[in-house]
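As structure tokens, the structure follows; a few thoughts come after it.
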Amino acid sequence: ARAAVGWAWACEDPDGGSSVRSGRLLSTVVAGREPRQRSPARGEGGPWWCGSAWHYIEGCWAAVFVLSCLGAGWACRIPRPRAARIWKQGRQALAWQLFSQKGAQQKETSDTGSSASSLEAILQEAAAARVDSGGDLWDDGVATQPRTIYHALHRTFDELRALLPQLAAAGFDAVQLPPAQVSPPGNLMSEWYLRYQPLRYGAVDPLLGGEASLEELCTAASLLGMQVIADCVFNHGAVVASKAEWEAAQSDAKLLEELKCRLDRAFAPELSREDFQWPWVCLEGGRWDDPEYTYEGWGCGEWSELRFCEHVVQVHIDHLQRLLRCGVRGFRLDAAKHMRPAHVKRYVDFLHREGAFVYAEVLSMDRSVHAQYEALGDGLQAVRSTDYILAKQLRDACRSPSHSSESPPLLARLAAISNGALGPQAVRFVRSHDTALNGGPAICGIDWSSAEDAKLAWAYLLAAPEGSVLLYEEDAAVPIVQRAVAFRRALAQQAALLSTDCKQAGDGVGNLEFDLGALPPSYDPVMLLVRQSDHGSGRGAPLGLVMFSFNPQQQQAQESQKSRKSSRSPSRWWQIVSASAAPPLPPLPWDLGDGARLNEVLGGQLQGDGSWRPRLAPGGVAEQSPPEPVRFFLIDAPRGDRTCTSQSLVLHYRSGWSTPHLHFGVQGKWTATPGWPLRRAPEPPGVASGSTGSWWAGQVPLAKGQGPIEFVLNDGGSCWDQPPGGGNYEADSPGDYILERGCLRRVEPQH
């Protein structure tokens, strides 16, 4: 418009007609200012060509500006995902630069005869693969719930970026950063807690690398198919005074004013003393979970508690926008339990509008507390919570005496918690940074001594295809855990190939289910079978098998001693499978069909085009000496015979007891009293509703053709449930049974 008006002024007559004056008015309106008086130098009282030349130059300048805008508009046609619409153009340019450099590097590689193994070379291959396949460089749409998250608490952005190819090859699909806001300087390893003491939210901390480094990290992660999750500390600010100082200030007005001045100096210019919670209340001991104090108390008497007000929320929203511009697609809300749900909802609503994944750290053993924050979202944009309840149950199950005659076997203890405390889509862990690095009493009783101590629990949690698993970086270095991560990724890959209609988390994980099993009478090793979900029929396609035991070395010594006494060879569990060209299936509590074979997973690897594939043992099964306590196998079955049938007895039991147990015997061998604990379960189909009590379930694996099984139930103590005429309940064969009010009946399978 300015170009047209300028050229019109260049052609005006010396008298300045009305049409020209209207053109001047249009020009000033388009420019956003009031009409100005025409000066003699621009056509009033001077030679006509002076004004014409001036306006001709002005028109040319405006034409250049318009053409620049058109060029920028054409560049903006590059498609962007919903959450990436506000990312800087530099990120897209960097990715295309990597792609354009691919040809030059390939020529250099062919000239030198060496293979490119640098991070840039891997990213170039990944970018090229996406372009060649006709896809966009960025993941489009709403960010999905990740499958396995690497928690990089002790790394800068550049260090983590250099580690991305290794993490992608291992099987991770997300990385969680240390909190990115400006915090007091300190060592990321020994003074990690300083990252959870915010000073300013208006910048990404240069100590971590700053915004430019974060953008490069997000670019590299996106090209490798990985999500970047930011850790956001919005509940409190940095410590400016000790608990003793704050306590003394409650009766000393001068000291209180001095401490408030410290707040002003520490958090200026973004925040002031008016943005913190008053009066000061120390949050410790029983007050951590007291609703009267949990939202307003200052943690440990030191954490500068921020209050719920519009100014604080806006400062935090600006911080979230900054992270989104850098390419962050996932967010963890730290200490969410200490912020009111209405407060957390402000952040959740904003992030969900941007298509981001959100989960909340809720450090509580109370299921109802978690429910308040899970209710802040729905569907694919539900808010997930950290499952501290499951973490404690796993600790109790895996740390119990492994060969005590008074303790239920590992199978029974794991089966009692198989459904998890917060549901199958929660964010799960065995050790978090809080439980691993806390110097005080064990948080929620989760007291693993080391990453090695927790490896069996990690193997179980990663093998179960549910929710997101948050893996602390120290634990990710344990070899068994690394194989479990690759196994989890391989399962998701197989499930995605078998079913394209999955809507749950992480490449098909939500379309899987698993069963626990073992063979009587020892019920060792414990086996976990992963199969494609088939709506509860138990006949989904088998995909993976895990075998694990508490202490194979101890088991080996015990069985060797037994064999010497009985002059029989020991039947060690790790010798159930042997390394051969085509290893047959070991005895299992499932019927997997004819022709099934095992392929042991040893790790993962990236292909030349950036795609992932599992690294399998040559010949199917690896030889191990000494034997590993956990082994992971993919099941290879003919395409037309990918079904499995359970050989277990599954009992559904209605009871008012708080801890019902199943005491059973197979072929005359009975469990130690009180028996195996049952787990809470949904109401089975075909039963009358309205009766008192809750539904429980238990599963007893049986060998093929084995039966019958006798059983009774008890409350874990002295109360017993037997048939009306006395004696024991009896089931003739494997299958699903319902026991209600003394009546045992079999549930016929639905086809």
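Under the 4.0 Å criterion applied to side-chain N and carboxylate O atoms, R489 and D173 are not assigned as salt-bridge partners. Ion pairing between a basic and an acidic side chain is recognised when a charged N comes within 4.0 Å of a carboxylate O; R367 and E374 show such pairing. The residues R631 and E628 are annotated as not salt-bridged, no charged nitrogen and carboxylate oxygen being separated by less than 4.0 angstrom. Comment: R428 engages E466 in a salt bridge, judged by a side-chain N to carboxylate O separation of less than 4.0 angstrom. Under 4.0 Å is where a charged nitrogen must lie from a carboxylate oxygen, and between D732 and R746 no such pair does. Using a 4.0 Å cut-off between a side-chain N of Lys or Arg and a carboxylate O of Asp or Glu, D334 and R332 qualify as a salt bridge. Salt bridge status for E474 with R431: present, with a side-chain N to carboxylate O gap under 4.0 Å.
Every residue two or more places apart in sequence or in another chain that forms a ring-ring contact (aromatic ring centres under 6.0 Å, His included) with Y729 is listed here: F711.
Put simply, CG on L651 and CD1 on I738 are 9.5 Å apart, with the number rounded to the nearest 0.5 Å. Rounded to the nearest 0.5 Å, atoms CE (M339) and OG1 (T294) are 11.0 Å apart. The distance from atom NZ of K392 to atom CE of M365, rounded to the nearest 0.5 Å, is 6.0 Å.
Under a 3.5 Å cut-off, the side chain of H151 and the backbone N or O of S432 do not form any donor-acceptor pair. Formation of a donor-acceptor pair under 3.5 Å by the N728 side chain with backbone atoms of E710 is not found in this model. N438 contributes a side-chain N or O that, together with a main-chain N or O of P441, makes up a donor-acceptor pair within less than 3.5 Å. Remark: side-chain polar atoms of S648 are not paired, donor with acceptor, to backbone N or O of Q699 under 3.5 angstrom. Of the possible polar contacts, one joining the E473 side chain to the L153 backbone as a donor-acceptor pair under 3.5 Å is found. Distance alone, capped at 3.5 Å, places no donor-acceptor pair between the D636 side chain and the L598 backbone. Here the side chain of Q227 pairs a donor or acceptor atom with the backbone of T144 at under 3.5 angstrom. The backbone N or O of W657 sits less than 3.5 Å from a side-chain atom of S655, completing a donor-acceptor pair.
A distance of 6.0 Å or more separates the ring centres of H652 and W695. Ring centroids of Y523 and W676 are separated by less than 6.0 Å, placing the two rings close together.
In this structure, Y373 and V344 have side chains that are in contact, with non-hydrogen atoms separated by less than 4.5 Å. You'll find the side chain of N714 stays beyond 4.5 Å of the side chain of C719, heavy atoms only. Counting heavy atoms from C-beta outward, F548 and V546 have side chains that approach closer than 4.5 Å. The shortest distance between side-chain heavy atoms of L471 and V485 falls below 4.5 Å. Put simply, the side chain of V430 does not reach to within 4.5 Å of the side chain of Y460, judged on heavy atoms. Side chains of V348 and L333 form a contact here, defined as non-hydrogen atoms less than 4.5 Å apart. Side-chain atoms of L588 and L545, non-hydrogen and from C-beta on, do get closer than 4.5 Å to each other. V369 is listed as a side-chain neighbour of V362, based on a closest heavy-atom distance under 4.5 Å.
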From CA spacing to verdict: ring-ring contact (aromatic ring centres under 6.0 Å, His included), F429, Y388: CA-CA 8 Å; F429 63 93; Y388 277 86; 4.8 Å; yes
Full working for salt bridge (Lys or Arg N to Asp or Glu O under 4.0 Å) between R483 and E600: CA-CA 10 Å; R483 288 196 288 274; E600 187 164 7; 5.7 Å; no
Check against ring-ring contact (aromatic ring centres under 6.0 Å, His included), W192 and H154: CA-CA 7 Å; W192 61 272; H154 308 295; 7.3 Å; no
Chi angles and distances behind the side-chain contact (heavy atoms from CB on, under 4.5 Å) call for V469, I149: CA-CA 6 Å; V469 175; I149 309 169; over 6 Å; no
Stepwise salt bridge (Lys or Arg N to Asp or Glu O under 4.0 Å) test for D396 and R413: CA-CA 9 Å; D396 293 343; R413 298 195 299 272; over 6 Å; no
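Nearest approach of I446 to A391, heavy atoms of both residues: CD1-CB, 3.6 Å. Closest non-hydrogen pair, D289 versus P291, comes out as O-CD, 3.4 Å. Here the shortest heavy-atom pairing between P589 and L519 reads N-CD2, 3.9 Å. Nearest approach of S733 to L649, heavy atoms of both residues: O-CD1, 4.5 Å. Looking at every heavy atom in both residues, E740 comes nearest to R654 through OE2-NE, 2.7 Å. Considering all non-hydrogen atoms of both residues, P525 and A518 come closest at O-CB, 3.5 Å.
Judged by distance alone, the side chains of S364 and D366 never bring a donor and an acceptor atom under 3.5 Å apart. T673 and H663 share no side-chain donor-acceptor pair at under 3.5 Å. Q145 and S468 are linked by a side-chain donor-acceptor pair at a separation below 3.5 angstrom, with hydrogens and angles left out of the test. A donor-acceptor pair shorter than 3.5 Å can be found between the side chains of D453 and S449.
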